[in-house]
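Right, one structure below, let's go through it.
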Amino acid sequence: MTDDQELPKQYDHAAAQERWYSFWEERGYFHSEPNPVKKPFCIVIPPPNVTGALHLGHALNNTLQDILIRQKRMQGFETLWMPGTDHAGIATQAIVERRLLSEEKLSRHQLGRQRLVERIWQWKKDYEKRILGQLKQMGCSCDWQRTRFTLDPVCAKAVRETFFTLFKEDKIYRGKRLVNWDTFLQTAVSDDEVFHEPVKGHFWHFRYPVVSPKPGEPTHVTIATTRPETMLGDTAVAVHPDPAAALARAEADLQERLDAAPSKEKADLETQLDEIRRRRREMLPQLEQLRDMARDGRLLELPLTGRRIPLVADVWAKPELGSGCVKITPAHDANDYDVWQRNLQIGAINILNPDGTLNEQVPQKYRGMTVKKSREAVVADLEAAGLLVEIEDREIELAHSDRSKTPIEPYLADQWFIRMDELAQSAMDAVTDGRVKIAPDRYAKSYLDWLSEKRDWPIGRQLWWGHQIPVWYCKTATEADLQRAFADRNDVVWQRDPQRGQWLICVREGELAADAVPGHPLVREEDVLDTWFSSALWPHSTLGWPEQTPELKYYYPTNVLITSRDIITLWVARMVLMGLHNVGQVPFHQVFIHPKILDGYGEGMSKSKGNGVDPLDVIEKFGTDALRFGLAYLTTETQDVRMPVEYECPHCGKLIEQTRENRTKPKIKCKHCAKEFSTQWAEKPEDKALPRGAVVSERFELARNFCNKLWNASRFAMLNLDQFQPGPVADDDLMVEDRWVLSRLATVSQQVTDALAQYRFADAARTLYDFAWDEFCSFYVEMVKGRLQDPAQRTTAQRVLAHTLDTLLRLLHPMIPFLTEEVWQRLGQFAPQRGIDAVEPAAESVLRAAWPCCDASRQDAVIESQFARFQDVLRAVRDIRARQGVAPKTLLKFSIRCEPEAADVLRPMESYFESMANAKSCGVGPDMAPPPLCAHVTLSGMDVFVDLADLIDVPAEIARKKQEIEKLTGFIASKEKKLSNKSFVDRAPADVVQKERDSLKDLQDQMAAAREVLDRLATK
RNA sequence: GGGCGGUUAGCUCAGUUGGUUAGAGCACCAGCUCGACAAGCUGGGGGUCGAUGGUUCGAGUCCAUUACCGCCCACCA
């Protein structure tokens, strides 16, 4: 480089990022191959969804992975970071479908399967490119040659093999289950993809007539519902089998709660208790009568349908609620479904079409109506029939699809399931016996709790985007036909589906022709697999399983998985059980769950809330290094990261706080310059007319400032390293500050290594921040300045400075890769060979340099405490200057009264007081008396006197001394009290008591010194 | 309803096994353009550690109760 004569005062992050990322990539530093000489270290990326661009949560996730990867690479591991993206079935298809509808007014059915899938592939291509580009901008050192996608052929092969094996082992079956039906996307979604949201609704009370009531029997049964239209699918009305016992129990429970409740809640519970007592008095006879009628098999007339439905006794009907009777709609309600399972004779009627309209199971007039329309119609008709009792307003927690944001309909459908009993148990065992360690360990609990339910996993999705289920149906063949047709094939297996009376035929690879069984047509299952099915295979499928590739053998099990807590169950647990099933080994040894990034209100960031942050905005404003260091600095074990966010006005550059009100608005008027700006990325050309305001957070300033500080410290080094002569440094040549900084450096290396090994990213970042700023910059660099000008001392000073900077760069590289590389390369210009013990050529890139080992022989507690003494005195002198208002240019004269040992340490530092505090020493030792007019600071075992002659503000200094004496008096009193407390002296450990005694003595000495100075001042 | 986490300076957060006078960054105040750095330097003000009770010679730290905030799970005809 020839253009580096003038180093800019500010670090140009954009230039460094561009230059060094391509430098690393071109040299193939990120690529990994199995290498028997080295130990492997492998992380598989949690594949981002191709639904959209990455947000700040991804930036955190990937930064942490890259920090570990870079550190392990420097530690000499053969390091592979496997990158890739996830097809995210429902989410991606939903986005593309929504666009199709809004821009071309086309439904997916109008477009057709093949063309829709083509569109989604195009979308995937665009976003994958954008996502991988973002990862590169973040500095991620992934092995891009190995980039995978969950739908690519390698992953598809693993999916087929897994499905085939599970099918063969009878762990996959087809069953009828109530599913969460998304009527917009026309697919089932899992429980995990459903969220509840309160909506205003009603609670309707209806009466169903009793068929031929006997004298004394009620003529009607009253039921209540929030979803009246489902009455068309009712198959029973339930009443509790033992209402008396149920009410008694409810009363007892309530009484217990009432006894324990705080007084302000008692009134409410009293009311509830009264209500239950009233029911026991007034309603019990009728409920028991209804129960008896249920036992008799009596029927009710289901209004509007002409159907007759039975009255049944079932515990689901709670006598303490509503009328005590409940309508049963097994096909459209989870609890009613359970009632059906207990009373199979009542049957189930599905009244919905997949698109959410009513089907042929309902009377003609309601067919084809949407749920909303039919609800109005049913209510009106019941009212007309005189069967509507009342309508209450009520807020209802309505289930919504996370994907389409539309209400979920519970819906009885055929589904594919994986039996979870054995698989779940294997994944639980892996964590309980420690083969997989989850950190922080509290998350192991949620993992185990979820798995212990062993709920079968519904794996089918009624989508077009995904791995199509490799099953063919055949209705007409006999088993003999199948055996004949597939006699010579061990890659075809089949099961009987008794509910539908058909064969389910699964093939390991490829397709089955429609005429594979002569005379009996085969039809392929249309549905695709749940996205998590392929994600669950990610750690081994990306390494080539089911082939026994060298990669699989070498890198599997991977070392650590880094992810966020919301997918512990969806993803982590399933990877463990699939890894165990397919490969026979856990997929990773460690799981680290990192914090979530929240906005300034403590809410999670999401696109729909409009409070997300694009990492590229942060990168542009602060730089990738600041983004990464800032995120690492915030990654503590217990806390989520709260990040107040501002918009940066593109017109005037001022920041506007993001609020709950303005964050969802597409455009905002700047309150400083009154011009408007957009908050959205321009998706259409016409949007670009309005410039976009970047979303940033002040919380990255600390890291940006730190990077700049480092840049300038490095700049200082460059300006002082010309004519650098490499060579070992003899211990005798080392000055106090050299030995001190080397000791600190050794300790810091150890602390950072330990912190990263335990995923304490914030500790590692803080340790480096404090060392680099407060010790290296504020002290070492300041102290070495003079020596660099002195030809006799210059060489040693340069060698230690270069070595210290070199080590610091290596320690910081995993967090701030670009700046460290930029400086490393420049340092290489001046000091291509460096080191203080043995001299070695510097690595061609800091990325390839060795991770600093802790050189325990350099750790020197004596030097560190001596240095602390020097720092104390320096601070005292500066303090006096500031409080006396003495101009920085005025030279101060000071003296120190202290023990001879301390004097021996401080005397060699005299020149540093001059350069760092503009203060000249007039003597150090036990006999130093305070000058006639002085300001004074007392430290443990030392008195610092600054001779101020006529400069001094005497009244101010007297006031200060008095205040100090008052403070000391208080401390001394509390110490004396403590030490005169017999139980403290007797019970506390001896060293603690001694420490207190020493401390009291010290305080008394300080008091004496302060009095002495005060007396002198007072006589003036 | 069950579980988990949080509550420390105006804001955002540290605080290791209980042990002198509880820390940092930002913001604030005063002073500094001194040959690395104003994204800086020097000094300063600011906290009864959510509340109550307990254990202890000693509690921000351990225990119990409680309030508030957030997250996860379950349920709500």
Side-chain angles (χ1 to χ4, degrees), chain A residues 7 9-11 191 196 203 223-227 230 238 262 316-318 321-323 325-329 333-336 396-397 440 442-443 445-446 449-450 453 565-566 568-569 595-596 598 600-604 622 626 633-634 636 638-644 697-699 701-720 760 762-763 766 769-770 774 777-778 781-782 785 875 878-883 885-889 915-918 967 970-971 974-975 978 981-989 991-993 995-996 998-1000 1002-1003:
Chain A
L7 290 168
K9 287 189 177 183
Q10 283 190 10
Y11 168 52
D191 290 345
H196 291 83
F203 202 43
I223 54 92
T225 180
T226 55
R227 303 181 58 215
T230 63
W316 167 235
K318 304 265 179 355
L321 293 175
S323 67
C325 296
V326 56
K327 64 193 268 307
I328 303 299
T329 321
D333 181 278
N335 292 300
D336 294 1
I396 297 160
E397 290 285 321
R442 62 177 178 276
Y443 292 114
K445 191 173 152 48
S446 52
D449 285 353
W450 184 80
E453 291 182 30
R565 79 174 91 93
D566 32 302
I568 291 174
T569 55
K596 281 184 76 138
L598 311 174
Y601 300 99
E603 297 176 27
F622 297 108
Y633 194 89
L634 295 170
T636 58
T638 50
Q639 297 244 67
D640 284 341
V641 176
R642 195 180 285 223
M643 189 165 287
S697 175
E698 288 180 346
R699 299 208 62 190
E701 283 181 7
L702 169 126
R704 189 265 319 263
N705 294 354
F706 178 61
C707 290
N708 200 48
K709 185 75 181 174
L710 275 172
W711 173 251
N712 279 294
S714 306
R715 186 167 171 266
F716 167 81
M718 306 309 163
L719 294 170
N720 288 283
R760 290 185 287 111
D763 282 351
R766 278 164 215 263
Y769 180 94
D770 292 344
D774 298 336
C777 291
S778 293
V781 165
E782 289 304 323
K785 277 177 179 170
R875 200 171 300 119
R878 285 172 169 172
D879 175 30
I880 289 169
R881 179 189 295 280
R883 81 192 192 208
V886 180
K889 283 179 180 159
S915 64
M916 296 173 78
N918 195 23
K967 212 169 159 189
F971 290 151
S974 91
K975 292 274 175 221
K978 199 168 187 181
N981 180 347
K982 192 163 183 314
S983 50
F984 171 69
V985 180
D986 291 349
R987 299 203 196 190
D991 59 320
V992 172
V993 176
K995 222 167 146 191
E996 287 298 307
D998 294 347
S999 162
L1000 176 61
D1002 188 44
L1003 287 168

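The sequence lines fix the lettering, A, B, ..., with proteins before strands; numbering per chain opens at 1.
The separation of B:rG6 from B:rA39, taken at their P atoms, amounts to 37 Å, rounded to a whole angstrom. Rounded to whole Å, the separation between the C1' atoms of B:rG60 and B:rG19 comes to 13 Å. Across B:rG2 and B:rU61, the matching P atoms stand 26 Å from one another, rounded to whole Å. Distance check on atom P: B:rC63 versus B:rU16 gives 14 Å, rounded to whole Å. Rounded to whole Å, the P atom of B:rC62 lies 12 Å from the corresponding atom of B:rG15. Of the P atoms belonging to B:rG10 and B:rG1, the separation is 34 Å, rounded to the nearest Å. The gap from the C1' atom of B:rU7 to that of B:rU52 amounts to 16 Å, rounded to the nearest Å. Straight-line distance between the P atoms of B:rG54 and B:rU8: roughly 24 Å, to the nearest whole Å.
When distances are taken from the side chain of A:Glu453 to each of B:rA77, B:rC73, B:rC13, the shortest belongs to B:rC73. Considering only side-chain atoms of A:Asn708, the nucleotide from B:rC37, B:rA77, B:rG43 that sits closest is B:rC37.
Minimum heavy-atom separation, A:Lys709 to A:Cys777: CE-CB, 3.7 Å. The two residues A:Thr329 and A:Asp336 have their closest heavy-atom pair at N-OD2, 2.7 Å. Of all heavy-atom pairs spanning A:Pro888 and A:Asn918, the tightest one is O-ND2, 2.9 Å. The nearest pair of heavy atoms linking A:Ala238 to A:Ala317 is O-CB, 3.5 Å.
Nearest-nucleotide assignment on RNA chain B puts the 5′-proximal partner with A:Ser446, out of A:Ser446 and A:Val326. When each of A:Arg878 and A:Arg704 is assigned the nucleotide of RNA chain B bearing its nearest heavy atom, the one mapping closer to the 5' terminus is A:Arg704.
Counting only distance, with no hydrogens or angles, the side chain of A:Arg760 and the backbone of A:Thr636 share no donor-acceptor pair below 3.5 Å. Counting only distance, with no hydrogens or angles, the side chain of A:Arg227 and the backbone of A:Asp333 share no donor-acceptor pair below 3.5 Å. Panel note: side chain A:Arg715, backbone A:Gln10; no donor-acceptor pair is recorded below 3.5 Å. A donor-acceptor distance shorter than 3.5 angstrom exists from the side chain of A:Asn712 to the backbone of A:Lys9, with no hydrogens or angles considered.
Across all strands shown, B:rC13 forms a Watson-Crick or G-U wobble pair with B:rG23, both key distances being under 3.5 Å. Shown here, B:rC37 forms no base pair; nothing in the strands shown gives a Watson-Crick or G-U wobble contact with both key distances under 3.5 Å. In this structure B:rA64 sits in a base pair with B:rU52, meeting the Watson-Crick or G-U test at under 3.5 Å. When Watson-Crick and G-U wobble pairs are counted only if both distances are under 3.5 Å, B:rG43 pairs with B:rC29. B:rG70 is paired with B:rC4 under the Watson-Crick or G-U wobble criterion, all donor-acceptor distances under 3.5 Å.
Separating the CZ atom of A:Arg881 from the C1' atom of B:rA30 is a distance of 15 Å, rounded to the nearest angstrom. Computed from coordinates, the A:Glu701 CD to B:rA39 P distance equals 10 Å when rounded to whole Å. Look at CZ on A:Arg883: it is 10 Å from P on B:rG44, rounded to the nearest Å. A straight line from CG of A:Asp774 to C1' of B:rU42 spans 14 Å, rounded to a whole angstrom. To the nearest angstrom, P of B:rA14 lies 10 Å from CG of A:Asp763. The distance from atom CG of A:Leu634 to atom C1' of B:rA14 is 11 Å, rounded to the nearest whole Å. We find that CG of A:Asp879 is positioned 13 Å from P of B:rU42, with the value rounded to whole Å. Between the CG atom of A:Asp566 and the C1' atom of B:rC72 there is a distance of 10 Å, given to the nearest Å.
In terms of polar N and O atoms assigned as donor or acceptor, the side chain of A:Gln10 comes within less than 3.5 Å of the base of B:rA39 in a complementary pairing.
Partners of A:Tyr769 under the ring pair (Phe, Tyr, Trp, His ring centres under 6.0 Å) rule, at least two apart in sequence or in another chain, are A:Tyr633, A:Phe706, A:Trp773. Judged as a salt bridge (Lys or Arg N to Asp or Glu O under 4.0 Å), and not counting sequence neighbours, the contacts of A:Asp449 are A:Lys445. Residues meeting the salt bridge (Lys or Arg N to Asp or Glu O under 4.0 Å) test with A:Lys785, sequence neighbours left out: A:Glu782.
Among the atoms of the strands shown, none is found under 4.0 Å from any heavy atom of A:Cys707. Among the atoms of the strands shown, only primed sugar atoms or phosphate atoms (P, OP1, OP2) are found under 4.0 Å from some heavy atom of A:Arg565. Backbone-only engagement by A:Arg875 is indicated by non-hydrogen atom pairs under 4.0 Å involving sugar-phosphate atoms exclusively. Backbone-only engagement by A:Arg642 is indicated by non-hydrogen atom pairs under 4.0 Å involving sugar-phosphate atoms exclusively.
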Which protein N or O atoms sit under 3.5 Å from an N or O of nucleotides 32-36 of chain B?
| from | atom 1 | to | atom 2 | distance (Å) |
| --- | --- | --- | --- | --- |
| B:rA36 | OP1 | A:Lys785 | NZ | 3.1 |
| B:rA36 | O3' | A:Arg715 | NH1 | 3.0 |
| B:rA36 | O2' | A:Asn712 | OD1 | 3.1 |
| B:rA36 | O2' | A:Arg715 | NH1 | 2.5 |
| B:rA36 | N7 | A:Lys785 | NZ | 3.3 |
| B:rA36 | N6 | A:Cys777 | O | 3.3 |
| B:rA36 | N6 | A:Glu782 | OE2 | 3.0 |
| B:rA36 | N3 | A:Asn712 | O | 3.0 |
| B:rA36 | N3 | A:Ala713 | N | 3.2 |

Table of protein N/O atoms under 3.5 Å from nucleotides 4-11 of chain B N/O atoms:
| from | atom 1 | to | atom 2 | distance (Å) |
| --- | --- | --- | --- | --- |
| B:rG5 | O2' | A:Thr638 | O | 3.1 |

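The phosphate of B:rA14 (OP1 or OP2) has a side-chain N or O of A:Thr636 nearer than 4.0 angstrom.
Side-chain atoms of A:Lys327 and A:Thr230, non-hydrogen and from C-beta on, do get closer than 4.5 Å to each other. Taking the side chain as every heavy atom from C-beta outward, A:Glu996 and A:Val985 never approach each other to under 4.5 Å.
The residues A:Asp640 and A:Arg565 are annotated as salt-bridged, a charged nitrogen and a carboxylate oxygen being separated by less than 4.0 angstrom.
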Its contact letters, B for base, S for sugar-phosphate only and - for none at protein heavy atoms under 4.0 Å, make nucleotides 18-24 of chain B read -BBB---
